[in-house]
There are 2 protein chains.
Amino acid sequence: MAKQRNTQQRQIIESILRETDHPLLPKELLEIAHQSLPSLGIATVFRALKDLVKEGVAHPVHICCEPTRYEGARDHHHHFKCLDCGTVFDLHSCTGNLESMLPSNFQLLAHDITLFGKCADCTSH
Amino acid sequence: MAKQRNTQQRQIIESILRETDHPLLPKELLEIAHQSLPSLGIATVFRALKDLVKEGVAHPVHICCEPTRYEGARDHHHHFKCLDCGTVFDLHSCTGNLESMLPSNFQLLAHDITLFGKCADCTSH
DNA sequence: ATATGTGCAAAGCATTTGCGGAGAT
DNA sequence: ATCTCCGCAAATGCTTTGCACATAT
């Protein structure tokens, strides 16, 4: 892979991912980035995200029937989507014992867990 | 909701879902259906799937960066995707203790778990 | 100086929708 | 006979790509 250039647009995209505590849609990321760089195009956002995922700096987050969101790489964690308000929260613990779900001779390399329900705010209303 | 008609195309689509033991892409479903009804169109597949999901007869399955698959309604289960051959398998057990992942005052209503790795066939090669 | 990155616009897919005609009731 | 469903083709929304120019090295 060729050497990567340190452009203004990549810096902005990386820093937004780093500073945001929940996964973002490419469109949302673009809107935030437009505050510092109005000329930024959506194609650049997709190209940067693809590269950052390849480098392990960003992770794709797939939820239900919606377009892929992206978040900065952090500790291993999963997500909770509130069915009332739609917000996606990070969850910071992880259940064990997933191996027990596998048929024999299957090898477990990774897993996705997404929980759905009502967040604290929506539960209290 | 208006009364649903019992057309040949819906019968075929339902029976394919019922007889297949893993989730199918709309495109794959269409190809199988073409064997019994070559004139079937993809729009009809999408319309039928949307109705069947609403009726609870089919479930959408979301995996990674791929288009939504669909499967007939069965017992609660999850999925395993082989990273080598791409096949999606049903898993018939389910881990407990997901509640422990939640922040306080969050209410758990549903969950998705997808495991990734190598299936028995690909492990042995 | 040179090769990579960018913005724009066009292309590609997956999915949805409008419409006139076919088929189920 | 009527009203829903179908197939087709056009439209939509998200994502990718080609190209000419800009810019980091």
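By convention in this document, chain letters (A, B, ...) are assigned in the order of the sequence lines, proteins followed by strands, and residues within each chain are numbered from 1. Keep in mind the model is a prediction, meaning the values are calculated, not measured.
- What separates NE2 of His62(A) from P of dT15(D) is a distance of 11 Å, to the nearest Å.
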Show me the donor-acceptor pairs within less than 3.5 Å that the side chains of residues 107-120 of chain B make with the rest of the protein, sequence neighbours left out.
from: His111(B); atom 1: NE2; to: His76(B); atom 2: NE2; distance (Å): 3.2
from: His111(B); atom 1: NE2; to: His78(B); atom 2: NE2; distance (Å): 3.1

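- Using cut-offs of 30° and 60° for the angle between ring planes, the His77(B) and His92(B) rings count as tilted.
- Of the charged side-chain nitrogens involved, at least one lies within less than 4.0 Å of a carboxylate oxygen, so that Arg74(A) and Asp90(A) count as a salt-bridged pair.
- Closest heavy-atom contact between Pro26(A) and Ile42(A): O-CD1, 4.0 Å.
- Of the candidates Ile16(B), Val45(B), Leu49(B), Leu24(B) forms a side chain to side chain contact (heavy atoms under 4.5 Å, CB included) with just one, namely Ile16(B).
- The terminal axes of the helix from dA1(C)-dT25(D) to dT25(C)-dA1(D), fitted over 5 pairs per end, subtend an angle of 30° to the nearest 10°.
- Residues Met101(B) and Ser93(A) share a closest heavy-atom pair of CA-OG, 3.1 Å.
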Strictly under 4.0 angstrom, non-hydrogen atoms only: write out the protein contact profile of nucleotides 18-25 of chain D, one letter per nucleotide from the 5' end, B, S or -. B----BBS

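- For Lys81(A) and Glu66(A), the salt-bridge test passes: some basic side-chain N is under 4.0 Å from an acidic carboxylate O.
- Note: CD (Glu28(A)) to P (dT15(D)) measures 11 Å, nearest angstrom.
- Within 4.0 Å of Leu40(A), counting heavy atoms only, lie sugar-phosphate atoms of the nucleic acid but no base atom.
- In the model, His79(A) has a side-chain atom that pairs as donor or acceptor with a side-chain atom of Glu71(A) under 3.5 Å.
- When the C1' atom of dG23(C) is taken as reference, atom CD of Gln11(B) falls 13 Å away, rounded to whole Å.
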